Protein chains: 2
Amino acid sequence: MGRRSDHSRAELEELILAEAHALMAEVGFARFSAREVAKRIGYSIGTIYNVFGSLDRLVLAVNSRTFIAWAGLVRARLDAAGADRVAALVEAYFDFAEANPNLWMAIYDHRLPPDAPFPEGYFRQRAELTGLVEAEIAAILLPAKIGTAAALARSLVAMVHGHCVFALNGTFALLGETDARGAALARAREVLAAQ
Amino acid sequence: MGRRSDHSRAELEELILAEAHALMAEVGFARFSAREVAKRIGYSIGTIYNVFGSLDRLVLAVNSRTFIAWAGLVRARLDAAGADRVAALVEAYFDFAEANPNLWMAIYDHRLPPDAPFPEGYFRQRAELTGLVEAEIAAILLPAKIGTAAALARSLVAMVHGHCVFALNGTFALLGETDARGAALARAREVLAAQ
DNA sequence: TTCTTATATTGAACACCGCTCATTTATGTG
DNA sequence: CACATAAATGAGCGGTGTTCAATATAAGAA
């Protein structure tokens, strides 16, 4: 059937995706290219497009893989956490981003064309991370305020995200800030104490 | 001297920059191109490079212009603000970003190569916005805690930034959040009350 | 006026990019 | 063997950033 190797379609998809993920980690979103992925796995550019259809969808797949790894780390840290679960969440958020800056930033660097709809499973993935946070928040809140847990979780994630963005893109360094995660955690504690 | 029109060098630089700024507002960072700028002002691509040297520096100039306009709006809102100056800051931050999403996002979408140093005046510009916030924070803080104003200002800006990013990139919409600025302001109030 | 000089401006050329699709290659089947 | 089916190719298209020898023009000198 024209296979030049013994790769099944699923194996080929995995081969491409793994190399694409590695390239993204190495060079970042701006220098990522489908042609370079093809070159590195020894296939032609056409094969990439046969399997993934477009660069957008390949990047989406790369980012999806990154997101799964990220959520996995957060979950693992939470499972291993002691009493201070909020600290565990913040640390896990920062640790992943700082250990994989190009992969993490690619999640937010890539934007699909304005008309294109969110792909299948996109929502579920994002909601998983927020869901972990929401569960922890709900466990802390007074019973009367549990209804606000979801909104508060989104807000806290945004807050930590802002600190993480500034830590990775150099804004904090430029402004003399050296402890982004400490600041994020302090803010989270103050916000939670106020509920 | 080979001028094909009566533009002085400074006027030509302004002509290019104005058109580049307009193009960035129209199409955003991902679709921005020096060739399109050249086409729109009726000059050749070479002229753009004679004046700005590289795409990086052109984008930097565009973003600098955006940043000046943004800081100007924040300052104006602060001058016109009543007692609730924190609300004025948050509103101004969001209003500019939402009124000029492509310009605002370009500031953070663009990253200079890792080896390249920050250009002249880069720090001063960023520090201006943070400085406005810092002054307001310092006016609120107890005298004993004024030394923490700078760090707290950076942290609060990061916090609002995170909310603004999620509002513009669709993350909040995906998660069912509709009031990003309200959430940002509520967090800011809680954090400040805790100091 | 004409000539010279300095500079503003050009745009073809190069190496890359995403993307398409007619063509080739290889396999399993009858 | 021949046929059908599917995998894989890569030249070609229109785009990008970037360079730089060549050109065009204005100002000053003779």
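Just so it is clear, the model here is predicted, and its values are computed rather than measured. All values below were derived from every heavy atom in this structure, side-chain atoms included, with hydrogens, water molecules and symmetry-related copies excluded. So that the names make sense, note that chain A is the first sequence line, chain B the second, and so on, each numbered from 1.
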- Between A:I45 and B:G46, just flag the one whose closest nucleotide in DNA chain C comes earlier from the 5' side. B:G46
- Mind running a 4.0 Å heavy-atom check of residues 28-37 of chain B against DNA chain C and sending the residues that fall below it, in number order? B:R35
- Going by the angle between their ring planes, with limits at 30° and 60°, are A:W70 and A:Y108 parallel, tilted or perpendicular? perpendicular
- Message: Does a side-chain N or O of A:T47 approach OP1 or OP2 of D:dT9 to a distance below 4.0 Å, or not?
- Response: yes
- Just how far, in rounded Å, is P of D:dA7 from CD1 of A:I16? 12 Å
- Note on the structure: Whole-Å distance, A:Y49 OH to C:dC21 C1', equals 14 Å
- Considering the options A:V157, A:V133, A:V74, which one meets the side-chain contact (heavy atoms from CB on, under 4.5 Å) requirement together with A:Y93? A:V157
- Select one nucleotide: of D:dA8, C:dA8, C:dC19, the one nearest the side-chain heavy atoms of A:L12. D:dA8
- When the distance from CG of B:L15 to P of C:dA8 is rounded to whole Å, what number comes out? 15 Å
- Enclosure of B:R40 CZ (heavy-atom neighbours >12, cutoff 6.0 Å): yes
- Query: Do B:D84 and B:E91 have side-chain heavy atoms sitting under 4.5 Å apart?
  - Reply: no
- Message: Tell me whether A:R126 forms a cation-pi arrangement with A:Y122, defined as NZ or CZ under 6.0 Å from the six-membered ring centre and within 45 degrees of its axis.
- Response: yes
- Output yes when at least one side-chain N/O atom of A:Y43 is less than 4.0 Å from OP1 or OP2 of D:dT9, else no. no
- For the residue pair B:H163 and B:F172, does the interplanar ring angle fall in the parallel (under 30°), tilted (30 to 60°) or perpendicular (over 60°) class? tilted
- Message: I need the CD-P distance between A:E13 and D:dA8, as an integer number of Å.
- Response: 13 Å
- Message: The side chain of B:N50 is closest to which nucleotide in this list: C:dT10, C:dT20, D:dG17?
- Response: C:dT10
